[in-house]
Amino acid sequence: MTVVEEARRTANGLRTASDSRLARFILAIGTIVVLILVFRLSTNFGVFPESWDVGLADPIDRARRWLISNQTSHWLYTVFLNPITDAIDWGIRRLESILKWFPWYSYPPITGVGLWWTRGRVAGVLGLASVSLIGIIDLWEESFATLALMGVSVLISMIIGIPLGIAAWRSDAVAKVVRPTLDAMQTMPGFVYLIPFVLLFGVGRVPALISTVIFALAPVVRLTEVGLRTVPQVTVEASEMFGATERQTLRLVRLPQARPAIFAGMNQTTMLAMSMVVIAAFIGAGGLGQVVLRAMQSIEVGKASEAGIAIVIMAIILDRFSTGIATADPGHDALALRWLAVAVTVVAVVGGLLGHNEFPESLNWQFAPYVDDATDWARYNLYDIGGSGIGTGPFSDFVTLRFVTPLRELLSSDIPWPAMIGIGVVLGLWARGIRLAVGIGAALFAIGFLGMWALSMDTLAQTIVAVAITLIIGVPVGIMTSHNDLLRTALKPVLDFFQTIPSFVLLVPVITLFHVGRIPGIIASVIYALPAAVHYTDLGLRRVPAEVHEAAESFGATRGQRLRRVEMPLAAPELMVAVNQVIMLILAMVVIAGLVGGGGLGLEAVRGLRRSDAVGRGFEAGIAIVLLASILDRLTRAIADRLRPPAAV
Amino acid sequence: MDTASETAQVRVEGVWKVFGRKPGEAREMAEAGATREEIQTATGSVVAVRDVTFHVDAGETFVVMGLSGSGKSTLIRCVSHLVAPTEGRVELCGTELTRADHATLRNLRRQKMAMVFQHFGLFPHRKVVDNVAYGLEVQGVDRQDRQDRARELLDTVGLEGWGDHYPQQLSGGMQQRVGLARALAVDPEVLFFDEPFSALDPLIRRDMQDELIDLQMKLQRTLVFITHDFAEALKLADRIAIMNDGAFVQVGTPVEILTSPADDYVRAFTQDAPVAKVLQACSLMRPLDGTDIDPGWPQVSSTTPLETALPHLLGSTSPVVVCDEDSTPVGLLHGDDVAGVISENRP
Ligand SMILES: Nc1ncnc2c1ncn2[C@@H]1O[C@H](COP(=O)(O)OP(=O)(O)O)[C@@H](O)[C@H]1O
Ligand SMILES: [Mg+2]
């Protein structure tokens with residue numbers, strides 16, 4: 001076992017010349033190959049043995065049945081859970097009815113004025129038009145349901161998040177608990193949050209809201225803390241020197257200076273909440289997400305597109321508004337805006353008293369039929385263009401048969417499971433050390449014991465294929481944008497746009513072209529993760545100091561040499577961060593794609609949410625997703641750290 | 001080395017500051033004469049200030065001069081109690097800060113002291129006028145009064161009309177004027193300056209020094225001023241303390257320091273100092289002691305820099321007569337003395 005010894009020594013942090021680093025890498029790879037060969041030749045292990053399944057599903061199903069039958073009688077519910085449920089439900093209903101009290105025609109101008117104020121005239125006009133569009137395509141009611149859920153979620157997130165951020169800043173003890181918890185919470189695909197809350201609360205808006213709050217909480221807490229921590233010490237000292245009390249310093253000096261960071265946190269929280277509120281349709285949150293979900297299940301692409309567009313509109317408006325609010329500067333328009341705001345308010349109140357709240361049906365116009373036609377056309381004509389073997393069909397088959405299926409076979413049965421675990425352990429050892437190795441080993445065993453081995457390997461295979469495609473496209477684009485400011489400026493709005501879209505909605509355009517199966521999930525996740533790949537590659541390469549470029553150039557290096565020999569190695573840790581982000585985004589999406597026939601853990605989790613008799617399996621799948629996410633996250637982060645040059649002493 | 005004075009407004013006795021986990025051990029080593037590096041390698045603690053004692057009289061300008069890292073900022077932070085000294089006593093306006101509770105300290109800060117920072121420490125989210133009014137706001141002065149007072153002070157420092165800008169819209173020199181106005185707004189008895197002009201361009205630095213001297217003539221506050229610039233120290237100080245490795249090496253008036261540097265460390269500064277510019281006739285003159293004054297001897301006023309008096313002395317054996325403001329002779333300046341000081345500085 002000298003090999004493992006060697007690998008561990010490496011991992012313990014002996015960072016020396018790159019020669020020996022390469023040697024250790026080769027050693028690690030060698031170990032992996034040996035592991036696979038030994039297990040393949042000497043045993044007939046394949047898939048993780050079914051008899052080792054600990055059968056967590058049954059007790060969970062039993063617990064679920066118990067909970068359902070005790071919902072009205074047990075103290076846990078009567079004293080504790082039901083009051084929470086009722087209060088939250090009341091809040092959502094209340095907000096919804098307030099929102100609906102105002103007349104329909106007040107919303108486009110309210111949005112218009114709001115966006116004009118925060119973002120300028122063009123944004124105002126676009127806002128006005130796009131809100132009208134939501135009404136025109138007859139999604140007014142559903143939008144209000146979503147908006148009310150969003151409003152309450154974001155409000156609760158702020159009420160919890162900002163004080164929690166302050167507490168984490170004030171006390172290291174709190175920070176020590178909060179920070180890793182948030183880290184862990186952010187690595188998990190949002191989707192899995194739904195499972196435990198369904199178990200506890202059943203389906204409906206309340207579990208949707210709770211899981212949304214938990215999913216969306218992290219940024220506002222983190223950025224409140226960061227904002228407070230980065231307040232320049234000298235301003236705090238200045239305040240103290242004037243005899244300010246702690247509280248005065250916090251209120252007058254620290255919080256105002258942390259404001260931009262807190263606002264950034266609120267924006268991110270809002271966007272996360274938006275994507276979660278949509279996904280929460282899986283557990284009966286209603287609203288626009290529900291429309292998308294139903295339409296997708298019955299493959300009514302047109303209907304799904306309409307709802308998808310409404311969601312995108314809402315997301316973009318919320319994003320623009322919440323990023324603009326911190327820096328709003330209406331300038332010359334201030335006076336006009338003030339009068340407009342007064343006028344709109346008057347109209348809103350008067351109209352509300354008159355009760356004009358339904359969006360008039362006479363204004364309705366649906367574009368769903370056209371999308372359906374286009375989809376049919378695409379399916380018929382693009383599937384296999386002119387019988388040439390080029391088209392979406394052959395493409396799907398090609399990727400599925402050449403990459404996804406073989407890789408799945410390879411991971412789930414061709415490589416014996418003990419060898420898979422061995423690979424994980426060796427990688428962990430190489431990347432960080434014994435603790436990570438043990439963690440990875442334990443997590444992989446746990447996946448096996450849950451009876452989720454084959455499904456996890458399926459999900460892993462899809463993830464790997466999607467990550468590969470994303471990096472093959474994203475990294476070169478990132479390299480190009482890092483050298484070309486013009487391209488970067490041109491691409492930025494496109495990338496921003498794709499990042500604003502709630503993940504779930506991305507599936508809609510993809511299924512118009514690729515129907516259901518594993519491919520739409522993979523494509524949607526590639527689209528979802530591409531912006532991150534481009535962004536982090538660009539960022540990593542731009543961090544390379546100008547002097548280094550010049551030094552390389554002065555030695556007469558060509559552009560290619562510079563990129564390979566100087567820039568890429570220096571940007572390597574950042575690129576690994578890109579890989580980490582891409583993997584996490586893709587995993588989250590691949591899981592959701594279970595809905596459109598993506599298979600793997602996602603499908604199992606989706607079933608668990610939708611059928612009460614499958615909650616146990618769904619729960620197991622959820623845990624497996626969490627374990628898989630943690631393994632991939634820790635491993636890629638450890639590798640990123642490893643690639644970082646030793647810190648200066 | 002320091003005789004406590006009755007009128008002292010700031011009194012510092014045996015102050016130590018050790019950063020790190022083993023202050024006791026570090027102190028013992030320091031008392032045994034170990035340098036800061038040696039102590040840091042041995043204990044991991046940094047002795048930033050070691051056994052500093054001094055006092056500052058009311059209306060006096062006391063300058064602490066030392067190279068960067070010598071512990072000046074830490075010392076002034078101990079005196080203003082932004083950090084607690086590891087050991088020693090600090091007394092300000094008759095109150096012992098080292099024993100005061102939070103409320104006493106806070107009240108003392110509100111009423112008696114103020115500080116001007118090297119990097120200004122202005123609040124970027126507040127307008128200039130609200131920056132200046134901050135100390136009053138903390139004291140609970142109502143809005144109109146504090147704004148009026150703030151604008152008054154902006155006029156004093158030459159920033160009338162800039163109140164509604166944000167600090168970052170101003171140049172460095174103007175920002176430090178805001179810092180000064182903010183400190184003066186609370187009408188403090190003691191003002192602390194931590195290298196206030198170090199971040200400024202040389203020309204602006206000179207202007208600010210001149211203005212500070214003017215202001216001090218009018219206001220007569222007690223100033224504790226930190227700098228790493230020996231010329232600045234000579235220009236502003238009534239008394240200078242030279243600091244090295246956390247300890248005071250020498251305390252004295254500019255002339256004392258220039259004419260009798262305590263050791264090579266101090267001498268290194270005085271060598272490069274523009275002695276002939278800084279020293280004035282009055283600081284090197286000998287008393288008249290009934291000498292008969294020859295009407296042919298040249299006359300200079302007592303505030304004349306040596307530089308200007310020098311031509312009168314060159315190539316002549318007779319002294320120069322030093323007169324006060326009313327042209328009454330007060331002393332005699334001898335060529336030998338001047339030559340002595342200048343050559344002392346350039347061996
Ligand atoms: N908060 C601190 N913790 C540890 N060491 C400090 C701290 N503040 C200052 N020091 C150390 O104390 C020494 C004196 O620093 P400082 O008082 O800032 O010097 P100066 O103002 O003369 O440049 C330096 O070696 C510095 O590194
Ligand atoms: Mg300093």
Side-chain angles (χ1 to χ4, degrees), chain A residues 118 162 165-166 169-173 223-267 322-332 334-335 647-649, chain B residues 73 76-77 79-83 92 100 102-127 130-141 146 166-168 175 178-179 182-188 190-196 199:
Chain A
T118 49
I162 293 176
I166 296 178
W169 157 75
R170 192 184 286 276
S171 142
D172 283 341
L223 280 157
T224 301
E225 191 198 341
V226 168
L228 287 170
R229 270 188 209 287
T230 49
V231 169
Q233 186 56 28
V234 59
T235 61
V236 173
E237 281 189 352
S239 175
E240 274 175 35
M241 267 311 286
F242 283 109
T245 60
E246 283 268 324
R247 193 178 287 262
Q248 280 175 321
T249 303
L250 183 65
R251 188 167 55 85
L252 297 173
V253 174
R254 291 190 203 263
L255 280 176
Q257 289 190 82
R259 212 177 75 124
I262 298 176
F263 271 111
M266 278 159 75
N267 166 258
S322 58
T323 48
I325 200 160
T327 53
D329 179 18
H332 300 302
L335 193 70
V649 272
Chain B
S73 293
I76 206 174
R77 275 170 174 67
V79 178
S80 60
H81 226 266
L82 278 173
V83 299
L92 201 125
H102 284 297
T104 317
L105 184 62
R106 204 155 53 226
N107 280 328
L108 217 57
R109 283 186 174 152
R110 288 184 180 186
Q111 282 147 22
K112 306 274 184 190
M113 51 172 147
M115 185 148 163
V116 180
F117 296 86
Q118 177 172 8
H119 297 291
F120 320 137
L122 299 177
F123 306 122
H125 59 287
R126 299 178 138 234
K127 287 183 182 161
D130 294 320
N131 262 283
V132 177
Y134 186 79
L136 299 169
E137 180 171 351
V138 163
Q139 294 174 17
V141 175
R146 61 178 196 247
Y166 283 88
Q168 51 278 24
Q175 291 193 33
V178 178
R182 182 176 67 173
L184 291 174
V186 293
D187 200 18
V190 182
L191 275 151
F192 297 105
F193 293 84
D194 187 3
E195 304 206 26

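Reminder, nothing fancy here: chain letters follow the sequence lines and each chain counts from 1.
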Engineer: For B:Arg77, is it the side chain, the backbone, both, or neither that has a heavy atom closer than 4.5 Å to a heavy atom of chain A?
Structural biologist: side chain
Engineer: Classify the side-chain pair A:Gln257/A:Thr235 by whether it contains a donor and acceptor separated by less than 3.5 Å.
Structural biologist: yes
Engineer: Mind listing the side-chain donor-acceptor pairs of residues 114-127 of chain B below 3.5 Å, one per line with the distance, residues two or more places apart or on another chain?
Structural biologist:
from     : atom 1 : to       : atom 2 : distance (Å)
B:His125 : NE2    : A:Leu252 : O      : 2.8
B:Arg126 : NH1    : B:Asp130 : O      : 2.9
B:Arg126 : NH1    : B:Glu137 : OE1    : 3.2
B:Arg126 : NH2    : B:Glu137 : OE1    : 2.9
B:Arg126 : NH2    : B:Glu137 : OE2    : 3.3

Engineer: Are there residues of residues 223-233 of chain A that reach to under 4.5 Å of chain B by heavy atoms, and which ones?
Structural biologist: none
Engineer: Test of understanding: with side chain to side chain contact (heavy atoms under 4.5 Å, CB included), list the residues that count as partners of A:Thr323, not counting sequence neighbours.
Structural biologist: A:Arg119, A:Asn267, A:Asp319
Engineer: Given 3.5 Å as the limit, does a donor-acceptor pair link the side chain of B:Arg110 with the main chain of B:Gln139, or not?
Structural biologist: no
Engineer: Sequence neighbours excluded, which residues qualify as side chain to side chain contact (heavy atoms under 4.5 Å, CB included) partners of A:Pro260?
Structural biologist: none
Engineer: Please classify the contact of B:Ala183 with chain A as side chain, backbone, both or neither, using a heavy-atom distance under 4.5 Å.
Structural biologist: backbone
Engineer: Quick one: pull up OG1 in B:Thr104 and NE2 in B:His102 and give me the separation to the nearest 0.5 Å.
Structural biologist: 10.0 Å
Engineer: Mind checking the CZ-NE2 spacing from B:Arg106 to B:His81? Nearest 0.5 Å is all I need.
Structural biologist: 14.5 Å
